[in-house]
Amino acid sequence: MFLFALMFSGTGIYGESRAADLSGCWAGTWESCKSGHHGPMKATFCKLDESSYRVDFRGRFWKVFPFRYSVVLNVVEDGDVVRLQGSSYLGRLVGTFYYDATATSCEFNATYTSCKDWGRFVMTRCCSASSCCR
């Protein structure tokens with residue numbers, strides 16, 4: 001009976017909790033806390049290994065200008081809530097962005113900072129795990 005309970009609890013023998021797999025498609029919004037600009041955002045999370053994801057972000061700026069970029073987010077803490085961090089250089093015009101995020105199997109919340117801007121992303125899962133990874 002003990003083994004049966006361990007198999008279905010999501011907790012191993014040593015009490016560690018299994019982190020949610022964030023792979024798949026996500027959708028939501030981004031917002032600049034500096035300028036107030038905001039818009040739709042989509043993301044595809046692809047698990048690279050047990051401690052990192054490649055995330056492809058797509059969105060719109062000023063309602064008409066599309067943007068797209070990728071970043072590797074590293075898992076720095078896991079459990080029921082996964083904490084991720086990473087950075088990406090987006091060119092001389094906008095500089096390096098630093099990300100700090102928390103995620104569950106259903107919600108992704110991140111803050112970003114750069115020398116010229118700071119803000120947040122709020123997204124929810126929109127399709128099944130790994131079906132969107134290329």
Side-chain angles (χ1 to χ4, degrees):
M1 185 63 146
F2 177 72
L3 183 57
F4 180 81
L6 281 175
M7 287 173 34
F8 292 98
S9 70
T11 303
I13 293 173
Y14 299 106
E16 73 273 7
S17 176
R18 290 188 183 151
D21 184 356
L22 306 176
S23 299
C25 297
W26 297 72
T29 60
W30 67 272
E31 177 184 16
S32 167
C33 294
K34 180 180 179 187
S35 69
H37 288 131
H38 62 311
M41 174 171 271
K42 293 183 180 180
T44 303
F45 283 67
C46 290
K47 193 171 194 173
L48 298 175
D49 55 41
E50 291 303 312
S51 63
S52 61
Y53 289 87
R54 185 191 76 237
V55 185
D56 299 318
F57 289 107
R58 308 173 299 290
R60 293 206 172 270
F61 184 76
W62 283 342
K63 297 183 182 179
V64 294
F65 297 109
F67 64 83
R68 179 181 206 128
Y69 66 94
S70 296
V71 62
V72 172
L73 293 179
N74 297 302
V75 175
V76 294
E77 193 176 318
D78 65 6
D80 292 336
V81 175
V82 180
R83 185 157 175 241
L84 306 116
Q85 293 181 331
S87 63
S88 58
Y89 178 70
L90 301 178
R92 279 182 37 191
L93 187 59
V94 293
T96 300
F97 279 68
Y98 299 92
Y99 308 93
D100 190 21
T102 58
T104 66
S105 60
C106 303
E107 297 178 349
F108 176 82
N109 294 289
T111 58
Y112 68 86
T113 58
S114 74
C115 63
K116 298 179 181 181
D117 195 14
W118 61 92
R120 63 186 179 148
F121 303 156
V122 177
M123 294 187 283
T124 57
R125 189 182 296 273
C126 60
C127 65
S128 62
S130 76
S131 65
C132 300
C133 291
R134 309 187 255 300

For [X] and [Y], which heavy atoms make the closest approach, and how far apart are they?
X	Y	answer
Leu22	Thr104	CD2-O, 3.4 Å
Trp62	His37	NE1-NE2, 2.6 Å
Trp30	Met41	CB-CE, 4.0 Å
Ala27	Cys126	N-SG, 4.2 Å
Leu84	Val76	N-CG2, 4.3 Å
Asp21	Arg125	O-NH2, 2.8 Å

Is [Y] reachable from [X] through a run of I, L, V, M, F, W or Y residues, each pair having side-chain heavy atoms under 4.5 Å apart?
X	Y	value
Phe67	Met123	yes
Tyr89	Val94	no
Trp26	Val75	yes
Trp118	Val71	no

Mind checking the [atom1]-[atom2] spacing from [X] to [Y]? Nearest 0.5 Å is all I need.
X	Y	atom1	atom2	result
Lys116	Leu93	NZ	CG	5.5 Å
Ser87	Leu73	OG	CG	9.5 Å
Arg83	Asp78	CZ	CG	12.5 Å
Arg58	Arg68	CZ	CZ	5.5 Å
Asp56	Thr44	CG	OG1	6.0 Å
Leu90	Thr96	CG	OG1	7.5 Å

side-chain contact (heavy atoms from CB on, under 4.5 Å) assessment of Gln85 paired with Asn74: CA-CA 5 Å; Gln85 293 181 331; Asn74 297 302; 5.7 Å; no

Pair listing, ring pair (Phe, Tyr, Trp, His ring centres under 6.0 Å) test, anchored in residues 90-117, at least two apart: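 Found Phe45-Phe108, Phe97-Tyr112, Tyr112-Phe121.
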
N/O donor-acceptor pair under 3.5 Å between Asp49 side chain and Ser51 backbone: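 Yes; judged by distance alone, with no hydrogens or angles, the pair exists.
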
